[in-house]
Amino acid sequence: MAGHRLIILLGPTAVGKTDRSIALAKQYDSPIISCDSRQLYRQMSIGTAVPSAEQLSQARHYFIQDHDVTDVYTAGKYELEALELIHRLFEAGHETLVMTGGSGFYIDAVCNGLDDFPPADPELREQLTRRWREEGVEALRMDLKILDPESYHTIDIANGQRVVRALEVCLMTGRPFSSFKTNPQKKRDFEIEKIGLTRPREELYRRIDARAEQMIRDGLVDEVRSLVQYRSLPALQTVGYKEIFDYLDGNITLDKALELIQRNTRRYAKRQMTWWARDESIRWEGTTH
């Protein structure tokens, strides 16, 4: 599709991607294709910072709250569905499309395609999942740090499902999970331009802390309470939800839950930046809005 371009606006959580993506969408008369692995779940609004109704009204959005938390959704599925949508929108007359999000693995899937990871080993995965439940994710993290330091420092190691999958691949193949991301990338038939948004670290952290406080005021506790029956599902292994589950269990106070959400979100933002640091094609821009 010569002459067609996909602009990907990326950056750490709370950096200000939503407002900037709307401005870009208006500039290029484009819808917005979300690339966020959690905002696509319709029951998870507050804790995933889904764009407000007013923001959603300013541009057509795709992959926002169109799946149920019980759906099994993967980066591979996103690659197929996003590419189908991109080609359909180009064929409908769009020359430039805007994609935005902070899920590095999903963005890589669209840009480069996923490598041929080995299929799951159900028995090994069950063993690792049992360890996760019984020993906590920390024990698995330490194994991953030994077997694959690169993945330890780049994937969301607070996400037990991701850690289980990475360990599973390491143990099955004898190769680091990260080594499967070094194969030649797939060629796309459209131009890809990546714009990364940044802020000074102290400013970003203040925004993260303030947003977590606003989530509590907006009703995050009630949202998480409504999802208790689904708490073991992959979609709910997410910062903002795990900590409130602990509060609802009576293990910590609400103030402590908020403190942990803020800390864990800051750590997540740091991992996001580490992931993108390896990508020299990103044009980084500061933002003051």
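Sequence positions, counted from 1, serve as the residue numbers for this chain.
In this structure, the separation between OG1 on Thr13 and CG on Leu204 is 8.0 Å, given to the nearest 0.5 Å.
The stretch residues 233-254 participates, sequence neighbours left out, in these salt bridge (charged side-chain N to carboxylate O under 4.0 Å, His left out) pairs: Arg231-Asp249.
Under a 4.5 Å side-chain heavy-atom criterion applied to ILVMFWY residues, the cluster that includes Tyr268 comprises that residue alone.
Not counting sequence neighbours, the partners of Lys256 by the side chain to side chain donor-acceptor pair (under 3.5 Å) test are Glu259. Under the side chain to side chain donor-acceptor pair (under 3.5 Å) criterion, Ser37 pairs with Ser103, sequence neighbours left out. In terms of the side chain to side chain contact (heavy atoms under 4.5 Å, CB included) criterion, residue partners of Arg217 (sequence neighbours excluded) are, by chain and number, Glu213, Gln214. For Glu79, the side chain to side chain contact (heavy atoms under 4.5 Å, CB included) partners are Leu83, Ala109, Leu114, Lys186, Arg188, not counting sequence neighbours. For the side chain to side chain donor-acceptor pair (under 3.5 Å) test, residues two or more places apart in sequence or in another chain that qualify with Arg283 are Glu193, Glu285. Not counting sequence neighbours, the partners of Phe63 by the ring-ring contact (aromatic ring centres under 6.0 Å, His included) test are Tyr78. Residues that satisfy the side chain to side chain contact (heavy atoms under 4.5 Å, CB included) test with Glu202, not counting sequence neighbours, are Pro200, Arg206. For the ring-ring contact (aromatic ring centres under 6.0 Å, His included) test, no residue two or more places apart in sequence or in another chain qualifies with His94. With sequence neighbours excluded, no residue satisfies side chain to side chain contact (heavy atoms under 4.5 Å, CB included) with Ser226. In terms of the side chain to side chain donor-acceptor pair (under 3.5 Å) criterion, residue partners of Gln58 (sequence neighbours excluded) are, by chain and number, Lys26, Glu54.
The closest donor-acceptor contact from the side chain of Asp68 to the backbone of Tyr41 lies at 3.5 Å or more, if one exists at all. Gln272 places no side-chain N or O within 3.5 Å of a backbone atom of Pro12 that could act as its donor or acceptor partner. Between the side chain of Ser30 and the backbone N or O of Val98, at least one donor-acceptor pair lies under 3.5 Å. For Arg5 (side chain) and Thr96 (main-chain N/O), no donor-acceptor pair under 3.5 Å exists by modelled atom type. The backbone N or O of Ser178 sits nowhere less than 3.5 Å from a side-chain atom of Glu150 that would complete a donor-acceptor pair. Lys17 places no side-chain N or O within 3.5 Å of a backbone atom of Gly102 that could act as its donor or acceptor partner. Between the side chain of Arg266 and the main chain of Tyr205, no donor-acceptor pair closer than 3.5 Å is present. Remark: side-chain polar atoms of Gln39 are paired, donor with acceptor, to backbone N or O of Ala49 under 3.5 angstrom. Glu135 places no side-chain N or O within donor-acceptor distance of the main-chain N or O of Trp132, the cut-off being under 3.5 Å. Although no hydrogens or angles enter the test, the distance criterion places no donor-acceptor pair under 3.5 Å between the side chain of Glu168 and the main chain of Leu124.
Hydrophobic clustering of Ile, Leu, Val, Met, Phe, Trp and Tyr side chains at less than 4.5 Å, counting indirect connections, keeps Leu56 apart from Leu85.
Across all their heavy atoms, Gly240 and Leu220 have their closest contact at O-CD2, 3.6 Å. Looking at every heavy atom in both residues, Ile208 comes nearest to Ala269 through CD1-CB, 3.9 Å.
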| said: Using side chain to side chain contact (heavy atoms under 4.5 Å, CB included), reason through Leu97 and Phe190 one step at a time and then give a plain yes or no. | reply: CA-CA 10 Å; Leu97 294 173; Phe190 48 85; over 6 Å; no
| task | Could you go through the side chain to side chain contact (heavy atoms under 4.5 Å, CB included) check for Val137 and Val164 one step at a time? | result | CA-CA 9 Å; Val137 72; Val164 165; over 6 Å; no
| Derivation and outcome, side chain to side chain contact (heavy atoms under 4.5 Å, CB included), residues Leu254 and Ile244 | CA-CA 8 Å; Leu254 184 56; Ile244 298 298; 4.1 Å; yes
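A side chain to side chain contact (heavy atoms under 4.5 Å, CB included) with Phe177 is found for one member of Leu171, Leu167, Val169, Val163 and no other, namely Val169. Among Ile107, Asp36, Leu197, Ile32, the single residue meeting the side chain to side chain contact (heavy atoms under 4.5 Å, CB included) criterion with Thr100 is Ile32.
Looking only at side-chain heavy atoms (C-beta outward), Met44 and Val69 come within less than 4.5 Å of each other. At a threshold of 4.5 Å between non-hydrogen side-chain atoms, the residues Phe245 and Val224 count as touching. Ser21 has its side chain out of reach of Leu24: every pair of non-hydrogen atoms, C-beta onward, lies at least 4.5 Å apart.
Under the 30°/60° scheme for interplanar angles, the aromatic rings of His67 and Tyr73 are found to stand perpendicular. Relative ring orientation between Phe90 and His4 is described as tilted, the plane-to-plane angle lying within the 30° to 60° band.
The local environment of NZ in Lys194 is crowded, with over 12 non-hydrogen atoms from other residues, nucleotides or ligands closer than 6.0 Å. In the displayed structure, Arg133 atom CZ is contacted under 6.0 Å by more than 12 heavy atoms of other residues, nucleotides or ligands.
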